[in-house]
Amino acid sequence: MKGDIGVIGLAVMGQNLILNMNDHGYKVVAHNRTAEKVDEFLQGPAKGTNIVGAYSLQELVDKLESPRKIMLMVRAGYVVDSFIDKLVPLLDKGDIIIDGGNTNFPDTNRRVAALKEKGIHFIGSGVSGGEEGARFGPSIMPGGSPEAWPFVKPIFQAISAKTENNEPCCDWVGNDGAGHFVKMVHNGIEYGDMQLITEAYQFMKDGLGMTHDEMQSVFIEWNKTELNSYLVEITSDILGYKDTDGEPLVEKILDTAGQKGTGKWTGINALDMGIPLTLITESVFARCLSSLKDQRVEAEELFGKKKSIVEGDKQVWIEALRQALLASKIISYAQGFMLMREASNENGWDLNYGNVALMWRGGCIIRSAFLSNIRDAYDIDPELSFLGSDSYFKGILENSMSAWRKVAAKSMEVGIPMPSMTSALTFLDGYTTARLPANLLQAQRDYFGAHTYERVDKPKGEFFHTNWTGKGGDVSSTTYNS
Ligand code: 6PG
């Protein structure tokens, strides 16, 4: 009997996905560039299963049922291209290559188009949930050649995480790089969620002077509220984790954050599309700032250590912080969905936002109860342009407003950096202001560069230039918006 699917790349994610597929009754053919890895896997974790090995790409191809389905679980970038180049001559028309790595979506757009010309179908799929997700149920976000989906669907939906109603956290996202785009936004939101949690932690630790056990208890309590999520849950575990000397391990970890680039891509894409994705972008910059460790140490000496003490009833502050975190999180998701909406319109992807929320409901790093509410919001209005306008989320934003402002103001007053929570509030203030000071900005542009402006008392699309100084002349520059 031939194999149902081939997987190339036996690092931890690849191995775990294969074992997961095997658990669901699929016969998987496993290949790795180095043959020893195949042997190690077959004699180790895959021992006693139906998984078979392939020591060359030809052997892999020969061992697969048609149309062949070959999933790459290798490093994103040129490694994916090099495997595609080697596979294509061995494949038949109608065969399917799947890239399950964290690929930047323009690469997937390019690969779908290039392989289409050769009659090969290509799927670029986000896979989230880390090692454990891959093994027991990840969130899977596939996009690319729609013709390939019916062949891959049963396998992917079987191995994916399931919601509480047993719905698979995997569905077809859209054409081209839509799957990898949605995974990229997922990761951007992941950056935002993580940054918000760290800001709350710093407020509690430095501002309220709380111990790690106290903070752990707070996160345990928060996890029973609307904030219920995987990231809040692991944060409570981390805060309670003691090093061998009995001290909290988290305080021994160097405060410089790493990043592999997906959050940065999200920010770059938002700038390209003109979407105010402020919270995620601040979260990326917060990681960049954290990595300037030596400079920060010097600067603290130069400016003096801040006291950062927050006075008042601790319990009241903790509840205010919870509300500020929740409200900021709504803004982060609202911005992320705005970005997806714009990309969907621009690329003709026809994204289903309720389905995206469903795919993120389980298995992935940002899984949370909150995503069910997002799904409900898009069920009510599939074209919702701002998540905060949905009545459930609007209610939370309104109820949290005073606590959120209190936390933001206090953080500024005592010098606790909270870039994401405060920028979220600033965004909402801007978004809910009918008249912003951009009129003055337009006047400045027209003053120094004859860039023209529109008038509130004239139809849109009619442009004016004023000779502000009497010396500038009446010729205007071209009017275009990048
Ligand atoms: C996931 C994660 C994962 C990501 C890591 C590291 O969904 O399972 O998003 O894909 O690669 O979380 O990301 P950073 O190194 O950029 O923090």
Side-chain angles (χ1 to χ4, degrees), residues 9 11-17 20 71-77 79-80 98-105 107-108 124-143 156 159-161 169-171 173 177-198 229-235 237-238 253-270 277 279-291 332-333 336 339-340 356-368 370-371 420:
V12 64
M13 289 293 283
Q15 287 198 15
N16 283 356
L17 274 181
N20 186 353
M71 184 162 187
L72 299 170
M73 290 304 296
V74 298
R75 202 189 161 135
V79 183
V80 174
I98 306 156
D99 169 19
N102 259 336
T103 291
N104 200 1
F105 76 96
D107 286 342
T108 307
S125 183
V127 178
S128 176
E131 300 170 32
E132 204 184 310
R135 180 67 187 88
F136 300 109
S139 159
I140 311 180
M141 297 151 251
F156 274 18
I159 65 164
S160 73
C169 296
C170 168
D171 205 348
V173 178
H180 274 137
F181 180 86
V182 165
K183 174 61 170 43
M184 177 193 79
V185 178
H186 163 283
N187 279 30
I189 289 179
E190 174 184 306
Y191 275 51
D193 278 356
M194 292 167 82
Q195 173 63 24
L196 288 171
I197 290 173
T198 64
S229 63
Y230 171 70
L231 285 169
V232 165
E233 184 190 327
I234 67 166
T235 303
D237 283 352
I238 292 167
I253 297 178
L254 187 68
D255 52 327
T256 62
Q259 50 180 317
K260 297 210 182 78
T262 43
K264 180 181 79 178
W265 298 340
T266 320
I268 292 173
N269 187 258
L277 191 89
L279 191 144
I280 291 173
T281 316
E282 283 291 358
S283 306
V284 178
F285 286 140
R287 290 195 188 193
C288 300
L289 181 62
S290 79
S291 71
S332 179
Y333 283 67
L339 183 67
M340 287 193 284
V356 171
L358 175 71
M359 278 183 262
W360 293 349
R361 176 67 189 86
C364 65
I365 306 295
I366 63 169
R367 61 183 180 264
S368 66
F370 184 86
L371 281 155
S420 292

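Numbers for residues simply follow the sequence, beginning at 1. Ligands are counted one by one from 1 in listed order, and the atoms in each one are counted from 1 as well. Predicted model, so just to flag it, every value in this text is computed and none were measured.
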Minimum heavy-atom distance between L371 and I366, given as atom pair plus value = CD1-O, 3.5 Å
query = Is there a donor-acceptor contact under 3.5 Å from the side chain of S290 to the main chain of A257?
reply = yes
ask   = Under a 4.0 Å heavy-atom cut-off, what residues line ligand 1?
value = N102, S128, G129, G130, K183, H186, N187, E190, Y191, Q259, K260, R287, I365
request  = Quick one: list whatever passes side chain to side chain donor-acceptor pair (under 3.5 Å) with D237, sequence neighbours left out.
outcome  = none
ask   = Does Y191 have any ring pair (Phe, Tyr, Trp, His ring centres under 6.0 Å) partners at least two apart in sequence or in another chain, and if so, which?
value = none
Listed pairs under 3.5 Å, donor-acceptor, residues 129-141 side chains, sequence neighbours left out:
from : atom 1 : to   : atom 2 : distance (Å)
R135 : NH1    : D23  : OD2    : 2.7
R135 : NH2    : D23  : OD2    : 3.3
S139 : OG     : M359 : O      : 2.7

request  = Could you tell me which non-hydrogen atom of R75 sits nearest to which non-hydrogen atom of V79, and how far apart they are?
outcome  = O-CB, 3.5 Å
